[in-house]
Amino acid sequence: MPDSVINLYSDTQTQPSAEMRQAMANAAVGDEQRGLDPTVTALQEEVAELLGKEEAVFLPSGSMCNQIAVRLHIRPLGDEMYLHRLAHPITAEAGGAAVLSGAMVMPLEGGGGMFEGEALRARMRDPSDSHEPRSRLVMVEQTTNLGGGRVWPTAKIAEVLEVAREFGLRTHLDGARLLNATVASGESAASYAAGFETAWIDFSKGLGAPVGACLAGSAELIAEARRYKQMLGGSMRQAGIVAAGARYALQHNVERLAEDHANARFLAEGLAELDGVHIDPTTVETNIVIFDVADPRTLHDNLAAAGVEMSLLEGRVRAVTHLDVDRAGVERALTAVRNALA
Ligand SMILES: *Cc1c(COP(=O)(O)O)cnc(C)c1O
């Protein structure tokens, strides 16, 4: 049955492959909570190196990476954080930044889930005015999820970081799909992460591992992050079992993200040819395809009935390509959309 469903709901829908499961089954493990799991330790070292940071900490999820990062940077003293209106901590972390860190959250506007340095500058507070919150943290999402998988150009990031420097802001990179950005652009992960005090990658998205993410930064920040990990109940025991899936993914599933990007572009180009679908395929840079139709709910339900899963967000339809959907699957999805709209 699962074989007959084309699941474009998200790149979180991937199943660990037989080879990945084998690597997990064979992993050397220990007590992660005491720093004694060799596979977790190796993974943390690999990610620190990949992101060009001193250290990294393995966490159960990307959401915990964001929440711990917010806690690291935000003091519950009226500190304000700046991020795109559609960014994950605003849309999908259950309000945690407010509850766990006491953050004031200022959503920024901009196309494709990105914002201009000038949009950030326009929101900066006057530190001498005791009426105002304190400007403290800026976050960038690379690639932008609800913004359509867009890749922030390095020059645009540099503008944002320049404003951050000018105003003494802390900086955080949500790299849930950072490696999609590196494969699409040819930029290195370390160069994208440079200039951000904390950055992380997710193994459970397009990389195809079942669990986990790594948050990286200075030794000092990551030592502090380990305290919050323990506080939130994120410390684990024989976590090398899942870390081995992540290590396998880093070795085998990065370069192949290019196939997902090609499939997403193919889907977008096919959709653009259909009457009643609105999408500019040139904006599809990675594995996320967001498009508009007159009645997204009905289309979504008709597709589901035809064995094609997509998701709905803010009145739009989203399809995400990943390693469990091949070109034939994307062609089938396209045919299903054509039939559903006919
Ligand atoms: C998925 C996602 C997260 C959260 O990661 P989980 O591992 O699902 O908790 C954070 N930010 C972005 C941009 C995401 O796409």
Side-chain angles (χ1 to χ4, degrees), residues 2 5-17 61-63 84 86-88 91-92 112-114 141-152 174-185 201-211 213 249 253-272 277-293 296-297 299-301 303-304 306-337 340:
V5 172
I6 307 298
N7 194 338
L8 297 166
Y9 175 83
S10 174
D11 48 8
T12 56
Q13 305 299 293
T14 53
Q15 297 277 321
S17 66
S61 72
S63 297
H84 194 273
L86 296 173
H88 202 272
T91 59
M114 299 175 278
E141 200 175 272
Q142 178 76 305
T143 67
T144 66
N145 178 352
L146 303 192
R150 301 297 300 277
V151 179
W152 280 75
D174 174 340
R177 296 187 181 80
L178 181 63
L179 299 182
N180 290 87
T182 67
V183 167
S185 69
I201 56 170
D202 207 317
F203 307 112
S204 73
K205 300 282 168 83
L207 294 183
V211 178
N253 292 347
V254 176
E255 292 311 317
R256 64 147 309 284
L257 291 170
E259 292 172 39
D260 300 342
H261 301 170
N263 282 335
R265 181 61 82 94
F266 177 84
L267 177 62
E269 284 167 355
L271 288 170
V277 175
H278 299 281
I279 182 172
D280 174 0
T282 64
T283 63
V284 175
E285 299 176 277
T286 59
N287 67 331
I288 299 177
V289 180
I290 296 179
F291 59 98
D292 295 297
V293 292
R297 166 63 61 187
L299 175 66
H300 170 274
D301 294 351
L303 288 176
V308 175
E309 298 280 352
M310 294 189 184
S311 59
L312 288 176
L313 52 106
E314 292 199 326
R316 316 184 73 197
V317 188
R318 186 186 74 161
V320 186
T321 56
H322 54 76
L323 84 180
D324 287 349
V325 177
D326 59 11
R327 179 57 63 95
V330 174
E331 281 169 356
R332 255 191 63 193
L334 210 42
T335 305
V337 175

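For Gln13, the side-chain hydrogen bond (donor to acceptor under 3.5 Å, both in side chains) criterion is met by Asn7, not counting sequence neighbours. Annotation: salt bridge (Lys or Arg N to Asp or Glu O under 4.0 Å) contacts of Arg327 (sequence neighbours excluded): none. The side-chain contact (heavy atoms from CB on, under 4.5 Å) search around His300 returns Arg297, Leu312, not counting sequence neighbours. Considering only residues two or more places apart in sequence or on other chains, Ala213 meets the side-chain contact (heavy atoms from CB on, under 4.5 Å) condition with Cys65, Trp200, Asp202. Take Ala258 and apply the side-chain contact (heavy atoms from CB on, under 4.5 Å) test, not counting sequence neighbours, and it matches Val183. Under the salt bridge (Lys or Arg N to Asp or Glu O under 4.0 Å) criterion, Glu314 pairs with Arg85, not counting sequence neighbours. By the side-chain contact (heavy atoms from CB on, under 4.5 Å) test, Thr12 pairs with Ser10, Lys205, sequence neighbours left out. Residues forming a side-chain hydrogen bond (donor to acceptor under 3.5 Å, both in side chains) with Ser61 (at least two apart in sequence, or on another chain): none. Residues forming a side-chain hydrogen bond (donor to acceptor under 3.5 Å, both in side chains) with Asn287 (at least two apart in sequence, or on another chain): Asp11. Applying the side-chain hydrogen bond (donor to acceptor under 3.5 Å, both in side chains) rule to Thr14 yields no partners; only residues at least two apart in sequence or on another chain are considered. Contacts of Asp292 classified as salt bridge (Lys or Arg N to Asp or Glu O under 4.0 Å), with partners at least two apart in sequence or in another chain: Arg316. Annotation: salt bridge (Lys or Arg N to Asp or Glu O under 4.0 Å) contacts of Arg150 (sequence neighbours excluded): Glu285.
Across every non-hydrogen atom of Ser185 and Val151, the tightest pair is CB-CG1, 4.5 Å.
Enclosure of atom CZ in Phe266 by more than 12 non-hydrogen atoms of other residues, nucleotides or ligands within 6.0 angstrom is indicated.
Taken to the nearest 0.5 Å, the CD1 atom of Ile290 stands 6.5 Å off from the CG atom of Leu146.
Counting only distance, with no hydrogens or angles, the side chain of Thr144 and the backbone of Glu141 share no donor-acceptor pair below 3.5 Å. The closest donor-acceptor contact from the side chain of Asn253 to the backbone of Leu207 lies under 3.5 Å. Distance alone, capped at 3.5 Å, is enough to place a donor-acceptor pair between the Arg265 side chain and the Val284 backbone.
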**Request:** Begin from the C-alpha positions of Asn180 and His261 and carry the test side-chain hydrogen bond (donor to acceptor under 3.5 Å, both in side chains) through to its verdict.
**Result:** CA-CA 8 Å; Asn180 290 87; His261 301 170; 3.0 Å; yes
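For the pair Glu309/Val5, a side-chain contact is recorded, criterion being any heavy-atom separation below 4.5 Å from C-beta on.
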